[in-house]
K.L.:
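Shown below is the structure under consideration.
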Amino acid sequence: MTSGTPSPTDAKASKGLPPGMVMGPDGKPCKICTAFRNWKPAAPSGQKQKTNRNAAIAGTMATLAYGASSDSPPDPPSRPDNCPPDVEQLGRATWTFLHTTAAYYPDKPSPTQRANMLNLLHSLPILYPCSWCALHLGQEMKVHPPDVSNRVRLSRWLCERHNDVNVRLGKEVFDCAKTDERWKDGPPDGSCD
Ligand SMILES: Cc1cc2nc3c(=O)[nH]c(=O)nc-3n(C[C@H](O)[C@H](O)[C@H](O)COP(=O)(O)OP(=O)(O)OC[C@H]3O[C@@H](n4cnc5c(N)ncnc54)[C@H](O)[C@@H]3O)c2cc1C
């Protein structure tokens with residue numbers, strides 16, 4: 001992050017927030033920037049009391065029904081399937097789309113195909129709903145402009161941008177030599193055929 005640019009981890013911005021909750025550029029908790037397991041919006045005080053009471057009743061019912069001891073830790077909350085995506089679901093879906101699109105991009109793209117791909121990539125820092133993700137991607141794209149000259153180069157470029165995020169999140173870096181294997185051809189053992 002360049003100096004002077006606000007970040008979701010700014011001490012001032014995140015002060016008092018539960019761990020993992022991410023603030024948006026507007027200074028409010030950003031739902032689409034936060035993993036569901038970390039999303040703990042502050043309830044209005046009346047509602048909070050009601051929520052706590054409901055949770056207590058639910059806990060008692062569960063103990064009666066399943067015999068769980070009252071000091072056992074609660075299960076992590078599960079989410080109905082029809083909820084909007086969180087930062088992780090959106091990220092996985094977007095990377096799947098981008099890497100697969102690159103894997104099927106032509107070896108010799110026409111000028112129109114190159115222009116279309118550039119339009120798609122340059123739209124992301126503007127349109128991507130997770131504002132911090134979009135901001136970081138835009139910064140990386142300034143330093144590493146997209147290479148849409150052919151399939152291999154585009155796949156490599158995307159793999160490297162995905163690795164930028166992996167590094168920022170403390171995840172393992174992906175071996176970019178395996179991009180086709182992951183997104184188009186499948187492993188050599190044929191287990192995906
Ligand atoms: C443009 C963009 C920016 C993002 N920025 C942020 C951010 O700032 N903060 C945040 O919390 N989340 C961000 N995300 C979401 C984040 O990248 C992950 O998608 C999310 O954390 C879920 O991670 P995951 O471990 O399920 O796997 P993902 O990172 O979603 O990867 C899905 C699969 O892709 C494969 N893969 C992994 N790395 C690569 C690679 N380099 N090349 C090819 N294939 C690969 C692996 O098989 C992996 O299982 C961003 C997503 C996008 C699309």
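Note that this is a predicted model, so its numbers are computed, not measured. Every number for a ligand or one of its atoms is a count from 1 in the order of the listing. Residue indices begin at 1 and follow the sequence shown.
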K.L.:
List in chain and number order the residues that pass side chain to side chain contact (heavy atoms under 4.5 Å, CB included) with Asp189, two or more places apart in sequence or in another chain; answer none if no residue qualifies.
P.N.:
Pro187, Ser191

K.L.:
Rounded to the nearest 0.5 Å, how far does OG1 of Thr101 lie from CH2 of Trp183?
P.N.:
10.5 Å

K.L.:
Identify the residue among Gln113, Lys108, Arg114 that makes a side chain to side chain donor-acceptor pair (under 3.5 Å) with Ser110.
P.N.:
Gln113

K.L.:
Got a sec, which pairs hit salt bridge (charged side-chain N to carboxylate O under 4.0 Å, His left out) with one end in residues 142-158, sequence neighbours left out?
P.N.:
Asp107-Arg151, Asp147-Arg153, Arg151-Asp180, Arg156-Glu160

K.L.:
Once salt bridge (charged side-chain N to carboxylate O under 4.0 Å, His left out) is applied, what residue pairs with a partner in residues 165-175 remain, sequence neighbours excluded?
P.N.:
none

K.L.:
Report yes or no: is the SG-SG distance between Cys159 and Cys176 under 2.5 Å?
P.N.:
yes

K.L.:
Exactly which residues line ligand 1, taking a heavy atom under 4.0 Å from it as the test?
P.N.:
Val87, Glu88, Gly91, Arg92, Thr94, Trp95, His99, Tyr128, Cys133, His136, Leu137, Cys159, His162, Asn163, Val165, Asn166, Arg168, Leu169, Lys171, Phe174, Arg182, Trp183

